[in-house]
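Worksheet: one structure, shown below.
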Amino acid sequence: MTYRLWWTVGYTCTSEREFLAAKHRLLPATYEMLDDALRRASQVGRAGGVAWLIEGDDKTRLERGLIEKTLKKRGQELEATAPASDRPTDRRGPDQRRDDPRRDGPRDDRGKMTR
């Protein structure tokens, strides 16, 4: 399932009519889950942009007013469950090779090899 979010920032589109006229030129952002599209719509709104439309393969269609209403209702919930892709996921720990002074030999204060 995919959901497409159309959004603009600045004065690209200031009305629904302008958005519909420019929609064919805009590239939508694609998400696998509706919550991810709504989360991005919330970020766009906080940055001063407008989330105009979310369309899904399952015939979901949220226009600007419904997106705003949904974000007012579920905004806290969406922010509390931020996706893991927003955070680093490296669980291997520190790279031991990088911290091992014996690995490359002695270095001077500029980091250059002395041998």
Side-chain angles (χ1 to χ4, degrees):
M1 190 78 54
T2 59
Y3 296 91
R4 291 169 304 284
L5 167 66
W6 279 271
W7 57 275
T8 59
V9 291
Y11 296 103
T12 305
C13 300
T14 57
S15 69
E16 184 80 23
R17 187 175 184 178
E18 288 177 2
F19 165 70
L20 292 174
K23 182 181 174 189
H24 71 280
R25 290 180 286 153
L26 301 173
L27 292 174
T30 305
Y31 300 93
E32 292 182 18
M33 296 178 58
L34 180 58
D35 283 358
D36 292 338
L38 287 168
R39 192 172 292 113
R40 180 63 180 149
S42 175
Q43 293 170 347
V44 166
R46 285 195 310 267
V50 178
W52 292 100
L53 178 65
I54 296 175
E55 288 182 340
D57 292 340
D58 61 352
K59 306 295 184 210
T60 300
R61 185 177 174 88
L62 301 174
E63 294 180 353
R64 180 182 181 184
L66 195 52
I67 292 170
E68 291 172 357
K69 191 183 292 186
T70 303
L71 290 175
K72 282 182 183 177
K73 185 183 258 188
R74 296 189 56 213
Q76 295 293 336
E77 172 190 345
L78 291 169
E79 294 304 315
T81 59
S85 62
D86 289 350
R87 297 184 300 267
T89 58
D90 188 4
R91 297 185 197 114
R92 295 174 293 178
D95 186 358
Q96 298 300 325
R97 295 174 297 171
R98 193 177 311 145
D99 298 333
D100 187 3
R102 298 169 294 163
R103 180 171 181 258
D104 294 323
R107 296 180 179 267
D108 65 6
D109 60 339
R110 293 176 294 179
K112 298 204 177 206
M113 296 293 292
T114 57
R115 285 191 209 175

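Keep in mind that this is a model prediction, so the values were computed, not measured.
For K23, the salt bridge (charged side-chain N to carboxylate O under 4.0 Å, His left out) criterion is met by E55, not counting sequence neighbours. With sequence neighbours left out, the side-chain contact (heavy atoms from CB on, under 4.5 Å) criterion links T8 to T12, C13, L26, V50, W52. With sequence neighbours left out, E63 forms a salt bridge (charged side-chain N to carboxylate O under 4.0 Å, His left out) with R61. Residues passing the salt bridge (charged side-chain N to carboxylate O under 4.0 Å, His left out) test with D57 are R4, sequence neighbours excluded. Every residue two or more places apart in sequence or in another chain that forms a side-chain contact (heavy atoms from CB on, under 4.5 Å) with A37 is listed here: Y3, Y31, I54. In this view, R46 and S42, Q43, E79 satisfy the side-chain contact (heavy atoms from CB on, under 4.5 Å) rule, not counting sequence neighbours. With sequence neighbours excluded, the residues satisfying salt bridge (charged side-chain N to carboxylate O under 4.0 Å, His left out) with R64 are E68. Not counting sequence neighbours, the partners of T60 by the side chain to side chain donor-acceptor pair (under 3.5 Å) test are D58.
With values rounded to the nearest 0.5 angstrom, T70 atom OG1 is found 11.0 Å from E77 atom CD. Taking OG1 of T2 as the start and CG of D36 as the end, the distance is 12.5 Å to the nearest 0.5 Å. Atoms CZ and CG, on R74 and D35 in that order, are 4.0 Å from each other to the nearest 0.5 Å. The CG atom of L53 lies 6.5 Å from the CD1 atom of I67; values are rounded to the nearest 0.5 Å.
Taking hydrophobic clusters as Ile, Leu, Val, Met, Phe, Trp and Tyr residues chained together by side-chain heavy-atom distances below 4.5 Å, M1 does not share a cluster with M33. L66 and W6 fall into different hydrophobic clusters, defined by Ile, Leu, Val, Met, Phe, Trp and Tyr side-chain heavy atoms under 4.5 Å apart, directly or through other members.
Among residues at least two apart or in separate chains, there is no ring pair (Phe, Tyr, Trp, His ring centres under 6.0 Å) pair with a member in residues 60-80.
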Can I get a per-line list of side-chain donor-acceptor pairs under 3.5 Å for residues 14-22, giving both atom names and the distance, sequence neighbours left out?
{"unit_1": "T14", "atom_1": "OG1", "unit_2": "E18", "atom_2": "OE1", "d": "2.9"}
{"unit_1": "T14", "atom_1": "OG1", "unit_2": "E18", "atom_2": "OE2", "d": "3.4"}
{"unit_1": "S15", "atom_1": "OG", "unit_2": "E18", "atom_2": "N", "d": "3.2"}
{"unit_1": "E18", "atom_1": "OE1", "unit_2": "T14", "atom_2": "N", "d": "2.7"}

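Of all non-hydrogen atoms in A51 and L5, the two that sit nearest each other are CB-CD1, 4.0 Å.
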